[in-house]
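Could you have a look at this structure, given as structure tokens, before my questions?
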Amino acid sequence: MGRSRPLLLLAVAAAAVGLAGASFRDDCTIEWEPQNAAFSPDGKSLNMSLVSNSSGCLLRTKKQFIYGSVSTLVKLIPGNSAGTVTTYYTSSEGTYHDEIDFEFLGNETGQPYTLHTNVFANGTGNREMQFVPGWFDPTDGFHNYTISWTPCMIVWYVDGAAIRVFRNYQQSDGVPYPTTQPMRGYSSIWAAEDWATQGGRIKTDWSQAPFVAGYSHLVLDVCPCDGSEECVYDCAWVFSQGQEYCPGLDPQQHKEMLDLQSKYRIYNYCDDYRGGKVPGKECYLQQQQ
């Protein structure tokens, strides 16, 4: 057994990129309202439509994974998108689930989207950061959104630029962090006019439906895992080795992220003391590199 373990870990490492270049049609399933999903002939692109306040669309990857990066190109709804929510995220299942979010909250014509990020661990969330995407227009073409999840940290990227880091302080400081529950990748579009746009003040203009979001070039550079103790351990080993997966941000990435946050971040849960809120202990720990 002692000699076979290294060979097994090498096999896991080789499989970690097995889902790269995935197909929306072949490697995913439409879990909600499949009639609102339109695939390109090669399955590499997808349009999802919101046609009413009860009929959107939800896609998820067939395979589960522990650690890695999930990436896709998204073109958001142009014009009046008030009351709509377009998402790209990873999530496990169950009440005490783990989840890493990109959510795009629509707005009325001429007003910018809100780019919403969050992370859940063992069912605990409320770690939101929000941005106004003033450095690019998410409706004028496809832009890349990447979630990188390793045993060291989670990083959210937009067009290759890091916008947020959440580090793993679970063992050292007791901060919940996703470590053992396998996730899937998800994309969805749905209606939330009661809260999504300016706190629900601006409602959806349903005369403009359907609202269509485009997705393209799904890449899953991940470690497939069914949740068994062995594969959880092996995937953690693969994605915590050396500088390839756990290097932190380099100085230039760090500088660019702080610049984006200073200019375009509009909400940080660590700064929110309203209603007696008390920020989590992670807010007082290094998160930026």
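Every value quoted in this text rests on a predicted model; they were computed, and no experiment measured them.
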TODO: Could you pull out all residues at least two apart from Thr109 that satisfy side-chain hydrogen bond (donor to acceptor under 3.5 Å, both in side chains)?
DONE: none
Task: Separation of Ser262 OG from Met257 CE (nearest 0.5 Å) - done: 11.0 Å
Open item on the list: Can a donor-acceptor pair be found, under 3.5 Å and without considering hydrogens, that links the side chain of Lys62 to the backbone of Asp26?
Closed with: yes
Task: Contacts of type salt bridge (charged side-chain N to carboxylate O under 4.0 Å, His left out), residue Lys255, not counting sequence neighbours - done: none
Open item on the list: Checking Glu256 now: which residues fulfil side-chain hydrogen bond (donor to acceptor under 3.5 Å, both in side chains) with it, not counting sequence neighbours?
Closed with: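 With neighbours one apart ignored, the set is Gln252.
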Task: ring-ring contact (aromatic ring centres under 6.0 Å, His included): pairs with one or both residues in residues 106-128, sequence neighbours excluded - done: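 Pairs touching residues 106-128 that pass the test: His97-Phe120.
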- [ ] Spell out, yes or no, whether Met183 and Tyr145 are grouped together once hydrophobic residues are joined by side-chain heavy atoms under 4.5 Å, including indirect joins.
- [x] yes
Open item on the list: Strictly by ring-ring contact (aromatic ring centres under 6.0 Å, His included), give each pair with a member in residues 201-223 just once, sequence neighbours left out.
Closed with: Trp206-Phe211
Task: Under 3.5 Å: donor-acceptor pair, side chain of Thr197, backbone of Ala82 - done: no
Task: side-chain contact (heavy atoms from CB on, under 4.5 Å) partners of Thr180, counting only residues at least two apart - done: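 Thr180: side-chain contact (heavy atoms from CB on, under 4.5 Å) contacts with Val232.
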Task: Passing candidate, side chain to side chain contact (heavy atoms under 4.5 Å, CB included) with Thr146, options Tyr88, Tyr157, Phe102 - done: Tyr157
Task: Qualifying residues under side-chain hydrogen bond (donor to acceptor under 3.5 Å, both in side chains), relative to Asp205, sequence neighbours excluded - done: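 Asp205 satisfies side-chain hydrogen bond (donor to acceptor under 3.5 Å, both in side chains) with Ser207, Gln208 only.
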TODO: Go through the structure and list residues passing disulfide (SG to SG under 2.5 Å) with Cys225, not counting sequence neighbours.
DONE: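 For Cys225, the residues satisfying disulfide (SG to SG under 2.5 Å) (neighbours in sequence not counted) are Cys231.
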Open item on the list: Please check this pair: side chain of Gln111 against backbone of Glu108, looking for a donor-acceptor N/O pair closer than 3.5 Å.
Closed with: no
Open item on the list: If we ignore hydrogens and angles and just use 3.5 Å, is the side chain of Ser23 paired with the main-chain N or O of Arg25 as donor and acceptor?
Closed with: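 The answer is yes, because a donor-acceptor pair under 3.5 Å joins these two groups.
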Open item on the list: Can a donor-acceptor pair be found, under 3.5 Å and without considering hydrogens, that links the side chain of Asn118 to the backbone of Arg127?
Closed with: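 Confirmed, Asn118 side chain pairs with Arg127 backbone.
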Open item on the list: List the residues meeting side-chain hydrogen bond (donor to acceptor under 3.5 Å, both in side chains) with Thr117, not counting sequence neighbours, and say none if there are none.
Closed with: Arg164
Task: Main-chain N/O of Leu73 paired to Ser216 side chain as donor or acceptor, under 3.5 Å - done: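 Checked: no pair found.
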Open item on the list: Can you tell me if Asp159 has over 12 outside heavy atoms packed within less than 6.0 Å of its CG?
Closed with: yes
Open item on the list: Show the nearest heavy-atom pair for residues Gly185 and Phe65, with the distance to one decimal.
Closed with: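 Closest approach of Gly185 to Phe65, heavy atoms only: N-CE2, 3.6 Å.
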TODO: Measure from the side-chain N and O atoms of Asp101 to the backbone N and O of Glu103, and report whether any donor-acceptor pair falls under 3.5 Å.
DONE: no
Open item on the list: Let me check something: do Val74 and Val85 share a hydrophobic cluster, defined by ILVMFWY side-chain heavy atoms less than 4.5 Å apart, either directly or through other members?
Closed with: no
- [ ] Return yes if some donor-acceptor pair links the side-chain N/O of Asn47 with the main-chain N/O of Ala38 below 3.5 Å, else return no.
- [x] no
TODO: Output every pair passing salt bridge (Lys or Arg N to Asp or Glu O under 4.0 Å) with a member in residues 173-192, not counting sequence neighbours, ordered by first then second residue.
DONE: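 Of all non-adjacent pairs touching residues 173-192, those that pass salt bridge (Lys or Arg N to Asp or Glu O under 4.0 Å) are Glu93-Arg184.
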Open item on the list: If the test is side-chain hydrogen bond (donor to acceptor under 3.5 Å, both in side chains), which one of Ser52, Ser188, Ser54, Ser55 qualifies with Glu33?
Closed with: Ser55
TODO: Output yes when a side-chain donor or acceptor of Asp98 lies under 3.5 Å from a complementary backbone atom of Ile100, and no otherwise.
DONE: no
Open item on the list: Checking Tyr267 now: which residues fulfil side-chain contact (heavy atoms from CB on, under 4.5 Å) with it, not counting sequence neighbours?
Closed with: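 With sequence neighbours excluded, Tyr267 shows a side-chain contact (heavy atoms from CB on, under 4.5 Å) to Glu128, Gln130, Tyr269, Asp272, Arg274, Lys277, given in chain and number order.
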Open item on the list: Hydrogens and angles aside, do Asp137 and Thr139 bring a side-chain donor and acceptor to less than 3.5 Å of each other?
Closed with: yes
TODO: Identify the heavy atoms of Cys28 and Leu218 that sit nearest to each other, and give their distance.
DONE: SG-CD2, 3.7 Å
Open item on the list: Using modelled atom types and a 3.5 Å cut-off, is there a donor and acceptor pairing between side-chain atoms of Thr90 and backbone atoms of Glu99?
Closed with: no
Task: ILVMFWY network linking Phe136 to Phe104, side-chain heavy atoms under 4.5 angstrom - done: yes
TODO: Spell out, yes or no, whether Trp237 and Ile66 are grouped together once hydrophobic residues are joined by side-chain heavy atoms under 4.5 Å, including indirect joins.
DONE: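 Same cluster: Trp237 reaches Ile66 through Ile, Leu, Val, Met, Phe, Trp or Tyr contacts under 4.5 Å.
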Open item on the list: Let me check something: do Met129 and Ile154 share a hydrophobic cluster, defined by ILVMFWY side-chain heavy atoms less than 4.5 Å apart, either directly or through other members?
Closed with: yes
TODO: Scan for ring-ring contact (aromatic ring centres under 6.0 Å, His included) pairs involving residues 159-203, sequence neighbours excluded, and state none if there are none.
DONE: Tyr89-Tyr186
